[in-house]
Structure formats: structure tokens, C-alpha cells
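Predicted model only: the values in this text are computed from it and were never measured.
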Amino acid sequence: MSEENSHSVVGLENNVVSLNDYTPLWADLYREEEERIRAAVGHLIVDLQHIGSTAIPGIKAKPILDMMAGVAQLEKALVCKAPLEAIGYDYIAHAGIANDYVFGKGVARTHYLHVVEYGDAKWANHLCFRDRLRNDPELAQAYGRLKEELSGKFSDSRAKYHDAKSKFISEVVAA
């Protein structure tokens, strides 16, 4: 997919919450980005996964691809910084997410890459949540309805939007 076409389906200004209808192009864009990331840091990571709502067919999502790279030891996550910067990512030192090194791409963010320790609770929880929603369309639709409601309430605060979703996410992961 051309970079010009990809910007029509991904990209969102900082702190804005806006949901787009699901498009299978998100999976295509993930596969293209996966190739770039693996070429840059494949020797440093154990695995790379598409996470977040753009990875769940049929539900609305913020038009930003969320990805998760697993490293063998969290202490080695910043070794990925220079190679990721070379392919357009910047390290978001102020993200403030425990045990998670966050990299973003684009001024209007098109991609987030979370570098976490492979196999730890954060890794497992992200995959558990994604897979449960992929395998249970009713649960995915319930999450989609919650996201739509919350995006209306918190359209100008991603932090509040994310916080408001956390109970639902925790319950799904704990089930």
C-alpha cells in the first residue's frame, strides 16, 4: 500500500479520541510495518504482534496501529531505540506506562510500538484480550459499544478514555 493511501486510514492528532469503522486495510498495514520493524530490530526482539482494536475485525478503533514487540529482557528495550528511530519512530519517554517502552510514528500518530518483556504479564494480557475479542464477536461488539460511548465523553482526552476502558479490559483478561 502506498504511504499516501495508508495516511487515509491511519493517523490521529495528539490527545484526540476519534473512532473509525474497521477496515481490513489495518491488517495489511500491520503486515507492511511488521516487515520494516523486523528488518530494523528483528535480531533484538523475540516476537512482534498486532494488538489493540485495529487488530480486532468488526469493531471501531482509533486509526492508530498498536503493535507489541517482546524482548528477552526489559532492560534491553532501549537497545531498539536507534534502529527504530532510523525507520521513523520516536521514543516517548514521558509515556509513563510501567514495564513498557513506547515508540510512536508520525506527528499525527499512525503507529505505536510497545516494547515489553516477552512472556510477562503485560505481554500475556494484551494477547489474551485481543484473542478473546477476536474469538467472541458478542464480546467484541460490547467492547465496541463501550468505546463509542467513551469516545463521545472523552473526545479530547486519550488518558481519560483509556482509563475508562480499563475495568472492561481487566474483567475480560481475568475471565
Side-chain angles (χ1 to χ4, degrees), residues 1-131 133-134 140 147 158-159 161-162 169:
M1 173 175 297
S2 75
E3 190 152 323
E4 182 178 307
N5 288 340
S6 71
H7 286 295
S8 64
V9 293
V10 292
L12 192 60
E13 295 298 325
N14 187 38
N15 216 27
V16 172
V17 178
S18 177
L19 302 178
N20 290 8
D21 288 333
Y22 176 80
T23 174
L25 294 175
W26 287 335
D28 296 338
L29 290 170
Y30 166 74
R31 284 188 290 278
E32 290 175 11
E33 196 65 15
E34 177 185 26
E35 287 180 21
R36 282 189 280 279
I37 292 169
R38 286 189 186 279
V41 296
H43 62 292
L44 301 171
I45 64 174
V46 178
D47 195 9
L48 181 66
Q49 293 285 324
H50 186 190
I51 60 170
S53 295
T54 61
I56 304 165
I59 68 169
K60 289 186 174 190
K62 294 186 315 296
I64 303 171
L65 296 180
D66 283 303
M67 299 164 292
M68 181 175 62
V71 291
Q73 298 171 317
L74 190 60
E75 298 77 31
K76 307 234 183 221
L78 283 181
V79 176
C80 297
K81 186 174 184 268
L84 288 171
E85 286 175 343
I87 61 169
Y89 284 85
D90 57 279
Y91 173 55
I92 308 170
H94 64 276
I97 304 172
N99 301 316
D100 190 334
Y101 290 83
V102 182
F103 294 82
K105 189 172 188 180
V107 175
R109 294 293 188 200
T110 57
H111 302 76
Y112 281 119
L113 177 63
H114 300 263
V115 181
V116 304
E117 189 166 316
Y118 178 79
D120 76 355
K122 185 173 289 279
W123 178 270
N125 289 344
H126 273 295
L127 296 182
C128 174
F129 184 74
R130 180 200 63 193
D131 293 347
L133 269 61
R134 281 180 171 176
K147 288 166 49 87
R158 275 195 210 158
Y161 170 78
H162 285 285
I169 293 167

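Residues satisfying the side-chain hydrogen bond (donor to acceptor under 3.5 Å, both in side chains) test with Lys60, not counting sequence neighbours, are none. Shown here are the salt bridge (Lys or Arg N to Asp or Glu O under 4.0 Å) partners of Arg109, two or more places apart in sequence or in another chain: Asp90. For Phe129, the ring pair (Phe, Tyr, Trp, His ring centres under 6.0 Å) test picks out Tyr143, with sequence neighbours left out. Applying the side-chain hydrogen bond (donor to acceptor under 3.5 Å, both in side chains) rule to Arg31 yields the partners Asp28; only residues at least two apart in sequence or on another chain are considered. Tyr161 is linked by a ring pair (Phe, Tyr, Trp, His ring centres under 6.0 Å) to nothing, counting only residues two or more places apart in sequence or in another chain. With sequence neighbours left out, Tyr89 forms a ring pair (Phe, Tyr, Trp, His ring centres under 6.0 Å) with no residue at all. Every residue meeting the side chain to side chain contact (heavy atoms under 4.5 Å, CB included) condition with Asp47, not counting sequence neighbours, appears here in chain and number order: Arg38, Gln49, Tyr118, Trp123. Considering only residues two or more places apart in sequence or on other chains, Lys122 meets the side chain to side chain contact (heavy atoms under 4.5 Å, CB included) condition with Ile97, Asn99, Asp100, Val116, Asp120, His126. Remark: Tyr112 pairs with Arg158 by the side-chain hydrogen bond (donor to acceptor under 3.5 Å, both in side chains) rule, at least two apart or across chains.
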Exercise. Please report the C-alpha distance between Leu48 and Leu113 in whole Å, then the side-chain angles of each, then the deciding distance to 0.1 Å, and finally whether the side-chain contact (heavy atoms from CB on, under 4.5 Å) criterion is met.
Key: CA-CA 9 Å; Leu48 181 66; Leu113 177 63; 3.7 Å; yes
Quiz prompt | side-chain hydrogen bond (donor to acceptor under 3.5 Å, both in side chains) between Ser53 and Lys62, worked out | solution = CA-CA 8 Å; Ser53 295; Lys62 294 186 315 296; over 6 Å; no
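The side-chain heavy atoms of Arg134 and Pro57, taken from C-beta on, include a pair separated by under 4.5 Å.
Here ring pair (Phe, Tyr, Trp, His ring centres under 6.0 Å) pairs that include residues 33-85, with residues two or more places apart or in two chains, are Tyr30-His50.
The structure places CZ of Arg130 at 5.0 Å from CG of Leu127, a figure rounded to the nearest 0.5 Å. For the atom pair CD (Glu33) and CD (Glu35), the distance works out to 10.0 Å, reported to the nearest 0.5 Å. Taking CD1 of Ile56 as the reference point, atom CD1 of Ile51 lies at 10.0 Å (rounded to 0.5 Å).
The two residues Asp21 and Trp26 make their nearest non-hydrogen contact at O-CH2, 3.4 Å.
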Check residues 64-87 and write down every donor-acceptor pair under 3.5 Å in which the side-chain atom is one partner and the other belongs to a residue at least two apart or another chain.
from  : atom 1 : to    : atom 2 : distance (Å)
Lys81 : NZ     : Glu85 : OE2    : 3.1

